[in-house]
Colleague: 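Mind looking over this structure? Questions follow.
Computed from heavy atoms alone, side chains included, the values below leave out hydrogens, waters and symmetry copies. Chain identifiers are assigned alphabetically (A, B, ...) following the order of the sequence lines, protein sequences preceding nucleic acid strands; residue numbering begins at 1 within each chain.
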Protein chains: 2
Amino acid sequence: MPRIRHERFDCSPGCTVEGTLRYIDGKWKGVVLYHLFEGTMRFNEIRRRIPNCTQRMLTNQLRELEADGLIARKIYPEVPPKVEYSLTPRGRSLEPVITALKVWGDANVTLAPEASQAAA
Amino acid sequence: MPRIRHERFDCSPGCTVEGTLRYIDGKWKGVVLYHLFEGTMRFNEIRRRIPNCTQRMLTNQLRELEADGLIARKIYPEVPPKVEYSLTPRGRSLEPVITALKVWGDANVTLAPEASQAAA
DNA sequence: GCACATAGTGTCGAAAAGGATACCGTCATG
DNA sequence: CATGACGGTATCCTTTTCGACACTATGTGC
């Protein structure tokens, strides 16, 4: 998964903004991170909290977050399998960012867009 | 332009995070907003600040930001054409978000990714 | 007449992201 | 023996996004 979005971030002063975006961009990364702030969780625990996300997508997002060093994946060699996800310090340092996103969203985002124009 | 990303944001408590992301997601929106915090600007002024963004892309991003009510577009009926872009109050309210993104980015984003692994 | 600047638009095509679905191995339960 | 839970993969296909490039209109300067 390329995950490029921008080749470099020194083109312009505001480019580090895009740089950060690179990490949380991905359809479910924001929510995943948000939930992980609550604490360590197992795969299906996260899954249940994000019902609209398919298993494949969740796996994808978790893998990318892991590759970016934002979350840690701990496998317990048991049966049935048990895998726990938690934030790394780097991931935890994103908390103010996610919080800012959430605060703005709570104030400005219409929860169900269709409701406002579903008068068709 | 669909710009959906998520159908609704009430599926899970963290979903407003994705809701906010919907507005600033788009390859150059973060930078565009960032630059507009400095003040009103003309089209080519913005363009010069984001050299890697093509004209068509910039137009696109500006149109989407406008449609989302984050920026205002003022056309002066002159020749040669003159169009000014500025933030709306709603757009300005995103400032803490963009700032949070920038702060984290400044601290955590490697400016030129290839430099760190271009040892090929 | 030609090129340049402004602020775009239109079309095309490639690449990436996302979704649906089916499948894997193992153990416990019924 | 069949089923379900766990934590995934593999494959296929569609949608979305991005980038390149050409083209528009008008007025000015040469």
Colleague: NZ/A:Lys27 to CD1/A:Ile50 distance, rounded to the nearest 0.5 angstrom?
Modeller: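 CD1 of A:Ile50 is found 12.0 Å from NZ of A:Lys27.
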Colleague: Name the pairs: protein N/O against N/O of nucleotides 19-23 of chain D, kept only if under 3.5 Å.
Modeller:
{"unit_1": "D:dG19", "atom_1": "OP1", "unit_2": "B:Lys27", "atom_2": "NZ", "d": "2.1"}
{"unit_1": "D:dG19", "atom_1": "N7", "unit_2": "B:Arg56", "atom_2": "NH2", "d": "3.4"}
{"unit_1": "D:dG19", "atom_1": "O6", "unit_2": "B:Arg56", "atom_2": "NH2", "d": "2.8"}
{"unit_1": "D:dA20", "atom_1": "N6", "unit_2": "B:Arg56", "atom_2": "NE", "d": "2.8"}

Colleague: Output the rounded distance in Å from CG (A:Asn60) to P (D:dG7).
Modeller: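 About 17 Å, once rounded to whole Å.
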Colleague: Should the pair A:Asp106-A:Lys102 be classified as a salt bridge under the 4.0 Å nitrogen-to-oxygen rule?
Modeller: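 Judged by the 4.0 Å cut-off on N to carboxylate O distance, A:Asp106 and A:Lys102 do form a salt bridge.
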Colleague: Out of A:Leu65, A:Leu33, A:Leu94, A:Leu70, which residue meets the side chain to side chain contact (heavy atoms under 4.5 Å, CB included) rule with A:Leu87?
Modeller: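 The single option meeting the side chain to side chain contact (heavy atoms under 4.5 Å, CB included) with A:Leu87 is A:Leu33.
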Colleague: Specify the separation, in whole Å, of atom CD1 of B:Ile71 and atom P of C:dA7.
Modeller: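 Interatomic distance, CD1 of B:Ile71 to P of C:dA7: 14 Å.
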Colleague: Which part of the nucleic acid, if any, lies within contact of A:Tyr76, taking any heavy atom under 4.0 Å across all strands shown: a base, the sugar-phosphate backbone alone, or nothing?
Modeller: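 Result for A:Tyr76 = nothing.
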Colleague: Transitively linked via ILVMFWY side-chain contacts under 4.5 Å: B:Met57 with B:Ile71?
Modeller: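 Same hydrophobic cluster.
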Colleague: What is the distance, to the nearest angstrom, from the CG atom on A:Leu58 to the P atom on C:dA20?
Modeller: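 Value for this atom pair: 15 Å.
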Colleague: Give the rounded distance in Å between these two atoms: CD of B:Glu64 and C1' of D:dT17.
Modeller: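 So the two atoms are 10 Å apart, to the nearest Å.
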Colleague: Taking only the side-chain nitrogens and oxygens of B:Arg63, find out if one of them lies under 4.0 Å from OP1 or OP2 of C:dT9.
Modeller: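 B:Arg63 to C:dT9 OP1/OP2: side-chain N or O found under 4.0 Å.
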Colleague: Scan B:Lys29, B:Arg90, B:Arg5 and name whichever one has a side chain to side chain donor-acceptor pair (under 3.5 Å) with B:Tyr23.
Modeller: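 Testing B:Tyr23 for a side chain to side chain donor-acceptor pair (under 3.5 Å) against B:Lys29, B:Arg90, B:Arg5 leaves exactly one candidate, B:Arg90.
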Colleague: Rounded to the nearest angstrom, tell me the gap between atom CD in B:Glu78 and atom C1' in C:dG8.
Modeller: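 Atom CD in B:Glu78 sits about 16 Å away from atom C1' in C:dG8.
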Colleague: Send over the distance from A:Ile24 CD1 to C:dA17 P, rounded to a whole Å.
Modeller: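 It works out to 16 Å between those atoms.
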Colleague: Any side-chain to backbone donor/acceptor pair from B:Thr16 onto A:Gly105? Under 3.5 Å, distance only.
Modeller: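 Absent.
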Colleague: Under the criterion side-chain contact (heavy atoms from CB on, under 4.5 Å), I'd like the reasoning laid out for A:Leu58 against A:Val32: C-alpha separation, chi angles, the key distance, then a yes or no.
Modeller: CA-CA 9 Å; A:Leu58 183 55; A:Val32 169; 3.9 Å; yes
Colleague: Extract from the structure each pairing of a protein N or O with an N or O of nucleotides 2-6 of chain C at less than 3.5 Å, listing the distance.
Modeller:
{"unit_1": "C:dT6", "atom_1": "OP2", "unit_2": "B:Asn44", "atom_2": "ND2", "d": "2.9"}
{"unit_1": "C:dT6", "atom_1": "O5'", "unit_2": "B:Asn44", "atom_2": "ND2", "d": "3.3"}
{"unit_1": "C:dT6", "atom_1": "O3'", "unit_2": "B:Arg42", "atom_2": "NH2", "d": "3.0"}
{"unit_1": "C:dT6", "atom_1": "O3'", "unit_2": "B:Pro81", "atom_2": "O", "d": "3.0"}

Colleague: Could you tell me the separation between the CZ atom of A:Arg47 and the P atom of D:dC6, rounded to a whole number of Å?
Modeller: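 To the nearest whole Å, that distance equals 9 Å.
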Colleague: Which label fits A:Tyr85 and A:Phe43: parallel for a plane angle under 30°, tilted from 30 to 60°, or perpendicular past 60°?
Modeller: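 Taking A:Phe43 first and then A:Tyr85, their aromatic rings sit tilted (interplane angle of 30° to 60°).
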Colleague: Starting at atom CG of B:Asp25, determine the distance to atom P of C:dA17, rounded to an integer number of angstrom.
Modeller: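 Between P of C:dA17 and CG of B:Asp25: 11 Å.
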Colleague: Taking only Lys NZ, Arg NE, NH1 and NH2, and the carboxylate oxygens of Asp or Glu, determine whether B:Arg22 and B:Asp68 approach each other closer than 4.0 Å.
Modeller: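 Result for this pair is yes, salt bridge flagged.
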